[in-house]
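First comes the structure, then the notes that go with it.
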Amino acid sequence: MIIPIVLYGSAVLRKQAEDVTEADLPKELAENLFATLKKAGGVGLAAPQIGLQKRAFVIDTSPYSEDDQSDVEKFEQVFINPEITWKSEEKIYQEEGCLSIPGIWEDVLRPEKIRVRYLDAEFNPVEEEFDGVKARIFQHEFDHLDGILFIDKINPLRRKFLTAKLNKIKSTIK
Ligand code: ZN
């Protein structure tokens, strides 16, 4: 089911999300996140962005892998109750955007590599190490579960410069 994406200014984007239990129907949650993400053409989507205060997100790199210029391999996964267990000392800047903050793209500094732990859609525990695009998207989506947005992590002067654009997005929410 495709669900309308919650925009910047909505309270749910600033709340601490809660652990997913089997009662939350994780498979259905994953399906809804994937369907909504595909429709929007993005590469990551977290449950708070569809109005659910739950610790889950999906990554789908197809928009990158369908681009001939890109060498990003196709990767599609749901992450339930994720944790970051290690972050590399090395940090890199990379441009980010967010489906909840349309029209804004900014460079964000984050660790280059991470080690993570999460449950898959069948509630099996998984441990993995990510770098590149996967590490980047994972950290952006993970922040959503703690009510953090990528614009919180940019230079305060840049953020000030974006105030009018952000207020415009905020003004469209009901
Ligand atoms: Zn986002």
Side-chain angles (χ1 to χ4, degrees), residues 1-6 13 17 19-20 22 24-52 54-151 153-154:
M1 191 167 59
I2 293 161
I3 299 168
I5 292 175
V6 168
L13 291 180
D19 276 346
V20 174
E22 308 229 27
D24 295 314
L25 306 174
K27 274 188 192 159
E28 205 180 299
L29 173 60
E31 275 170 28
N32 293 344
L33 282 167
F34 277 125
T36 305
L37 178 60
K38 270 193 199 305
K39 177 84 191 334
V43 292
L45 188 69
Q49 294 180 276
I50 56 167
L52 296 169
K54 293 288 167 185
R55 301 191 75 80
F57 60 79
V58 295
I59 293 179
D60 176 1
T61 62
S62 339
Y64 290 146
S65 41
E66 281 157 15
D67 174 358
D68 292 344
Q69 307 298 309
S70 156
D71 55 3
V72 176
E73 56 171 312
K74 186 169 162 51
F75 176 78
E76 205 179 302
Q77 179 65 48
V78 59
F79 301 89
I80 294 167
N81 300 340
E83 289 168 71
I84 297 176
T85 55
W86 173 83
K87 295 175 181 183
S88 66
E89 295 274 320
E90 307 79 55
K91 293 183 177 182
I92 49 167
Y93 277 102
Q94 216 168 306
E95 194 175 64
E96 294 184 25
C98 181
L99 291 171
S100 294
I101 315 175
I104 294 179
W105 297 84
E106 292 290 328
D107 284 336
V108 181
L109 185 65
R110 297 189 190 268
E112 191 178 8
K113 291 181 189 165
I114 50 171
R115 248 175 251 140
V116 305
R117 201 158 42 202
Y118 62 92
L119 302 175
D120 66 16
E122 279 79 38
F123 261 51
N124 300 308
V126 185
E127 283 190 73
E128 271 179 293
E129 187 167 317
F130 291 143
D131 59 11
V133 165
K134 289 181 203 170
R136 176 59 50 161
I137 305 171
F138 190 104
Q139 292 177 82
H140 174 115
E141 301 310 328
F142 184 83
D143 275 350
H144 274 297
L145 310 184
D146 293 326
I148 299 165
L149 301 172
F150 81 98
I151 48 161
K153 304 207 155 189
I154 65 175

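- Put simply, the side chain of Pro111 reaches to within 4.5 Å of the side chain of Gln139, judged on heavy atoms.
- Other residues, nucleotides and ligands contribute only 12 or fewer heavy atoms inside 6.0 Å of the CD atom of Glu89.
- Contact check for Asp120 versus Phe79: no side-chain heavy atoms found under the 4.5 Å cut-off.
- Taking each heavy atom of Pro63 and Gly42 in turn, the nearest pair found is CG-O, 3.4 Å.
- When atom types are taken as modelled, the side chain of Asp60 and the backbone of Ser62 share a donor-acceptor pair closer than 3.5 angstrom.
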| task | With side-chain contact (heavy atoms from CB on, under 4.5 Å) as the test, would you mind laying out the steps for Val6 and Ile50 before giving the verdict? | result | CA-CA 6 Å; Val6 168; Ile50 56 167; 5.9 Å; no

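- Across all non-hydrogen atoms, the minimal contact from Ala30 to Val78 is CB-CG2, 3.8 Å.
- In this structure, Trp105 places its CH2 atom where only 12 or fewer heavy-atom neighbours from other residues, nucleotides or ligands lie under 6.0 Å away.
- Side-chain contact annotation: Gln49 with Ser100, donor-acceptor N/O pair under 3.5 Å present.
- Across all their heavy atoms, Ala17 and Arg55 have their closest contact at O-NH1, 3.4 Å.
- Salt bridge Arg110/Asp143: present, at least one basic N to carboxylate O contact under 4.0 Å.
- Considering only residues two or more places apart in sequence or on other chains, His140 meets the ring pair (Phe, Tyr, Trp, His ring centres under 6.0 Å) condition with His144, Phe150.
- There is no side-chain donor-acceptor pair under 3.5 Å between Lys74 and Thr61.
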| Given Phe142 and Phe57, is the ring-ring contact (aromatic ring centres under 6.0 Å, His included) satisfied, shown in steps? | CA-CA 8 Å; Phe142 184 83; Phe57 60 79; 7.1 Å; no

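- Summarising the geometry of Leu13 relative to Pro48, their closest heavy-atom pair is CD2-O, 3.9 Å, with the distance given to 0.1 Å.
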List the atom pairs, donor and acceptor, that lie under 3.5 Å between side-chain atoms in residues 126-134 and the rest of the protein, sequence neighbours left out.
| unit_1 | atom_1 | unit_2 | atom_2 | d |
| --- | --- | --- | --- | --- |
| Glu128 | OE1 | Tyr118 | OH | 2.4 |
| Glu129 | OE1 | Arg115 | NE | 2.9 |

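- Between Arg136 and Glu95 there is no salt bridge, since none of the side-chain N atoms of the basic residue sits less than 4.0 Å from a carboxylate O of the acidic one.
- Using a 4.5 Å cut-off on side-chain heavy atoms (C-beta onward), Asn124 and Leu119 make no contact.
- You'll find the side chain of Ile154 reaches within 4.5 Å of the side chain of Val108, heavy atoms only.
- The closest side-chain heavy-atom distance from Thr85 to Val116 is not below 4.5 Å.
- Remark: side-chain polar atoms of Ser88 are paired, donor with acceptor, to backbone N or O of Glu112 under 3.5 angstrom.
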| task | May I have the step-by-step check of side-chain contact (heavy atoms from CB on, under 4.5 Å) for Leu37 and Leu99, ending in yes or no? | result | CA-CA 9 Å; Leu37 178 60; Leu99 291 171; 3.8 Å; yes

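- Val20 approaches Ala56 most closely through the heavy-atom pair CG2-CB, 4.0 Å.
- A heavy-atom distance below 4.5 Å is not found between the side chains of Val43 and Ile59.
- How far CG of Asp107 is from CD of Glu96: 9.0 Å, rounded to the nearest 0.5 Å.
- Ion pair Lys27/Glu122 flagged as a salt bridge, since at least one NZ, NE, NH1 or NH2 atom sits closer than 4.0 Å to an Asp/Glu carboxylate oxygen.
- For the pair Asn81 (side chain) and Asp19 (backbone), a donor-acceptor distance under 3.5 Å is absent.
- Closest non-hydrogen pair, Glu76 versus Phe34, comes out as CG-CE2, 3.4 Å.
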| request: Could you give me the CA-CA distance, side-chain angles and deciding distance for Ile92 and Leu109, then say whether side-chain contact (heavy atoms from CB on, under 4.5 Å) is met? | output: CA-CA 5 Å; Ile92 49 167; Leu109 185 65; 5.5 Å; no

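- Applying side-chain contact (heavy atoms from CB on, under 4.5 Å) to Ile148 and the options Ile151, Asp146, Leu145 leaves one that passes, Asp146.
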